[in-house]
Student: 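This is the structure I want to talk about, given as structure tokens.
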Amino acid sequence: MSPEAHSAPRSLAEALRARDDASLAALLRSRPDLITPVPTDLTQLATRAGTRASVLRALERLDRFALQTAEALAVAPDPASCDTLLGLMAGDAGDETVARALPRAVATLREQALVWGDDDRLRLVRTARELLAPSPQHPSPTGLGPTVQEATSGMSPGRIQEIVTTAGLPSTHDSVTAVAALTGLFTHRRKMAKLLAGAPEAAREVLSRLVWGPPYGQVTADPAAHLRWLLDRGLLLPTAPGTVVLPREVALHLREGRAHRAPEPLPPAVAPAATHSPQVVDATAAGQAYTALATVEELLKDWDEGGPAVLRAGGLSVRDLKRTAVALDVSEPVAAFWAELAYAAGLIASDGEADERYAATPAYDEWLELPPAERWARLARAWLAATRTPGLVGGRDAKDRTLSALGPGLDRSAAPEVRHRVLSLLAALPQGAAPDAESVLARLRWERPLRGAQRDGARDDDLRSRLARWTLSEAELLGVTGRGALSSQGRALLGAPAAPGAPAAPGAGSAEPTGPGDKLPVHHHRAPERLVPLSPAEQGVAAAAAARLLAPLLPEPLDHVLLQADLTAVAPGPLRRPLADMLGVLADVESKGGATVYRFTPASVRRALDAGRTAADLHAFLAEHSRTPVPQPLAYLIDDVARRHGHLRVGAASAYVRCDDDALLNEILADKRAAALRLRRLAPTVLAAPADPATLLEGLRAMGYAPAAESAEGDVLITRAHAHRTPPRTAPEPVPDGPPPPDATLLTAAIRAIRAGDLAATTPRRPVGEPLAGGELPRTSAADTLATMQAAVLTGDSVWIGYVNAEGAASQRVIAPIRVEGGFVTAYDHTADEVRTFPLHRITGVAELADD
């Protein structure tokens, strides 16, 4: 920004006052904490922008080069010119790449209200300077130490004069000029080179060890000759007994003016590790998407009658997670991912009963009715926005408690941003290119270098890198990527444009670079591949577009199986739902994969008979849906189980068994395994037991019989699986990373209110009567207030008032009175930009605005 005709701003508030509405909107969008609540004026906005918490959050969202620029400003004179800053960033030799990137970094810092002032007087916000400037407790990332002036602040005047004289400078009359002379020597390249040319070799070696930091070293009470040479000339200065420091000016001379060893003006490129055909990528991703749907359905079917119990602290127990992993035939971390995904999509939840268990929600039944591609889109959308992080399962929280699947403590607010950013980096690669994972991590570390910094005494353990790795693996499991490359449906899900030569996804967004205020992800390096985050409505459109792209790639459900003589059936692909449901009752799944193998057993056939099917129904079902003849062993199995099914009848006596074949009842009574049932004969064809009917049924079935339950009327009871459902539940809300970004409506209203409040606070006025303490609000008598208002109505002038609302909150406003009557004044309120009515008794005072 070149200097303009207007005077340079004297504060951050003045710099903000000179901005246009678009620039203020960009600031509030990128730092939403500044708008919660809406500041009353620009002075309050500037004060809030300088608070420690807000500055820390803003620094965390800087890329590496913008942060390096801020660090250089923290060790530069205050204020510093752009030329001085360029010297610190590029060094004496200069660097064209740094010089080209520096204006963008300075603009970013200005946009974020971390830097203000014209190019010849750049000022870093005081709080940011305090956070980034070197100190013994918090070394600077630059590796620089204190200035000569700071390091000699506690030194005696005599010692300072000794150092000046030994360094070859004339003595001065006071310490201030002596320190200035020493600083001038250390910043003069030619004189400094001459001084160091006479240094002992060992002294130069000491300087080389300290030059890039840390700048502090230890010395004994009687230092060696080469250390004494450095101390006598001020090239090392004592800071505490036994501790010396390399002054900042000396280090910068040895570094040839550079504040950083290696400035990083450009982001590291994401390198492709392999390239595949786009068709292969989409087909592979579609296969994974189908597997994802099948896995989630299998998980929910396993929990259909009530899943595992909820731990007292919440979540699944280790044993239940292992059992789920075995049922799904996956590893425990993958089982945790599928459970968390179903939970994030609102398909499972706790039932809230006294004996609390996990179960499917009513939304699961609605989800099952959707077409497969739409079901996948719902899962993918939930995954992209979820803050719950399955990769943490099995780890430890801050209190050293194990983190369990579906339990508390798994939310990480950075997860959605990292997922979106990783996928947008994949979208920037050529279609079909799979990235090198390490290059993706390097790029993320460049974009947010402070995310892995020390926090509250504990390292964040580079959470963003772990989230990125989990994103790559989870995207592959879910079918967003195929063979590591982003699929067409994955691009559509992000709202990314279709790759060249690929069909455009309906509803896809643009790839215009975002501003610094975009929330997902928030970042200030305007790279061409950065995608605009979508609003919730746009996310729905993008998910529908992704579903339309995926639908043709999913396999068509089949209406047949292949029956084999070994009592198995092979499903060569996905089955239609009625066929799959019935086959799941009639047979047990033996193996899964490209083709599913079902095995028929006496128990599975009896299960189908218990569900109300007859032997004739089963024969007809198999003949209709088998592309091969029904094998004779399978027909014999069905007939044999059906012949014995229902031969025994169980009812309530507490329970009884009746059978027309008294020989069979004699056989049961003689069986030692029946002793636990405590059966006794009531009649030649009836046995009674004190157990309930369900226990008696299970006991007889365990003995190898096939009894059937009957009603009080003697009819056979058809038992069906009970589908346990929770009450209606909403999906868990993502935990936001700070205040949510304001929408356009809120931004417009907030800026209007801030501008109006600033007008009220800064407009010159002629006070009437005595002002309040501090001169903040006018105070006039009721008569003076009424007279001034009536005069303003006649002249059409605006006035400045103090106003106390019904809650007792005081504010100042600029109003243009329209009508005064009945103890009320109706006026156009410039602060609210609307016509309002004010009770006169709530107006503390009034002042006319100055003529200018």
Student: For the CH2 atom of Trp446 and the CG atom of Leu67, what is their distance to the nearest 0.5 Å?
Tutor: 11.0 Å
Student: Between Tyr358 and Thr324, is there a side-chain heavy-atom distance shorter than 4.5 Å?
Tutor: no
Student: I'd like to know if Glu438 and Arg469 make a salt bridge, using a cut-off of under 4.0 Å between side-chain N and carboxylate O.
Tutor: yes
Student: Between Ser626 and Glu624, is there a donor-acceptor pair closer than 3.5 Å when you use the side chain of the first and the backbone of the second?
Tutor: no
Student: Compare all side-chain heavy atoms of Val281 with those of Gln431 and state whether any distance is below 4.5 angstrom.
Tutor: no
Student: Counting only N and O atoms by type, is there a donor-acceptor contact under 3.5 Å from the side chain of Arg419 to the main-chain atoms of Ala386?
Tutor: yes
Student: Measure the OG1-CZ distance between Thr97 and Phe65 for me, rounded to the nearest 0.5 Å.
Tutor: 9.5 Å
Student: Are the side chain of Trp376 and the backbone of Ala551 linked by a donor-acceptor contact shorter than 3.5 Å?
Tutor: no
Student: Working to the nearest 0.5 angstrom, can you tell me the gap between Arg627 CZ and Leu563 CG?
Tutor: 12.0 Å
Student: I need the single residue from Glu111, Arg61, Gln112 that forms a side-chain hydrogen bond (donor to acceptor under 3.5 Å, both in side chains) with Ser30. Which is it?
Tutor: Gln112
Student: Quick check for you: to the nearest 0.5 Å, what is the distance between Arg29 atom CZ and Leu746 atom CG?
Tutor: 11.0 Å
Student: Are Asp365 and Arg725 close enough that some pair of their side-chain heavy atoms sits under 4.5 Å apart?
Tutor: yes
Student: Output yes when a side-chain donor or acceptor of Arg388 lies under 3.5 Å from a complementary backbone atom of Leu341, and no otherwise.
Tutor: no
Student: To the nearest 0.5 Å, what is the distance between CG on Leu410 and CZ on Arg412?
Tutor: 7.0 Å
Student: Assess, by modelled atom type and distance only, whether the side chains of Ser488 and Arg491 contain a donor and an acceptor separated by less than 3.5 Å.
Tutor: no
Student: Run through Val561, Thr596, Asp559 and flag the one making a side chain to side chain contact (heavy atoms under 4.5 Å, CB included) with Leu575.
Tutor: Val561
Student: Show, in sequence, the C-alpha distance, side-chain angles and deciding distance for Arg607 and Asp588, and conclude whether the salt bridge (charged side-chain N to carboxylate O under 4.0 Å, His left out) test is met.
Tutor: CA-CA 10 Å; Arg607 186 170 63 225; Asp588 298 322; 2.9 Å; yes
Student: Please lay out, stage by stage, how Asp63 and Arg104 fare under the test side-chain contact (heavy atoms from CB on, under 4.5 Å).
Tutor: CA-CA 11 Å; Asp63 62 50; Arg104 190 272 306 167; 2.9 Å; yes
Student: If you round to the nearest 0.5 Å, how far is CZ of Arg483 from OG1 of Thr275?
Tutor: 12.5 Å
Student: Compare all side-chain heavy atoms of Leu316 with those of Ser404 and state whether any distance is below 4.5 angstrom.
Tutor: no
Student: Do Leu586 and Leu622 touch side chain to side chain, with heavy atoms closer than 4.5 Å?
Tutor: yes
Student: Check whether any side-chain N or O of Thr481 sits under 3.5 Å from a backbone N or O of Glu476 as a donor-acceptor pair, and report yes or no.
Tutor: yes
Student: With a 3.5 Å distance limit and no angle check, can you tell me whether Ser350 reaches the backbone of Glu356 through a side-chain donor-acceptor pair?
Tutor: no
Student: Would you please test Leu300 and Val296 for side-chain contact (heavy atoms from CB on, under 4.5 Å) and show each step?
Tutor: CA-CA 6 Å; Leu300 272 296; Val296 171; 4.0 Å; yes
Student: Only pairs under 3.5 Å count here: list side-chain donor-acceptor contacts from residues 368-375, not counting sequence neighbours, and write none if there are none.
Tutor:
from   : atom 1 : to     : atom 2 : distance (Å)
Arg375 : NE     : Leu370 : O      : 3.1
Arg375 : NH1    : Glu297 : OE2    : 2.5

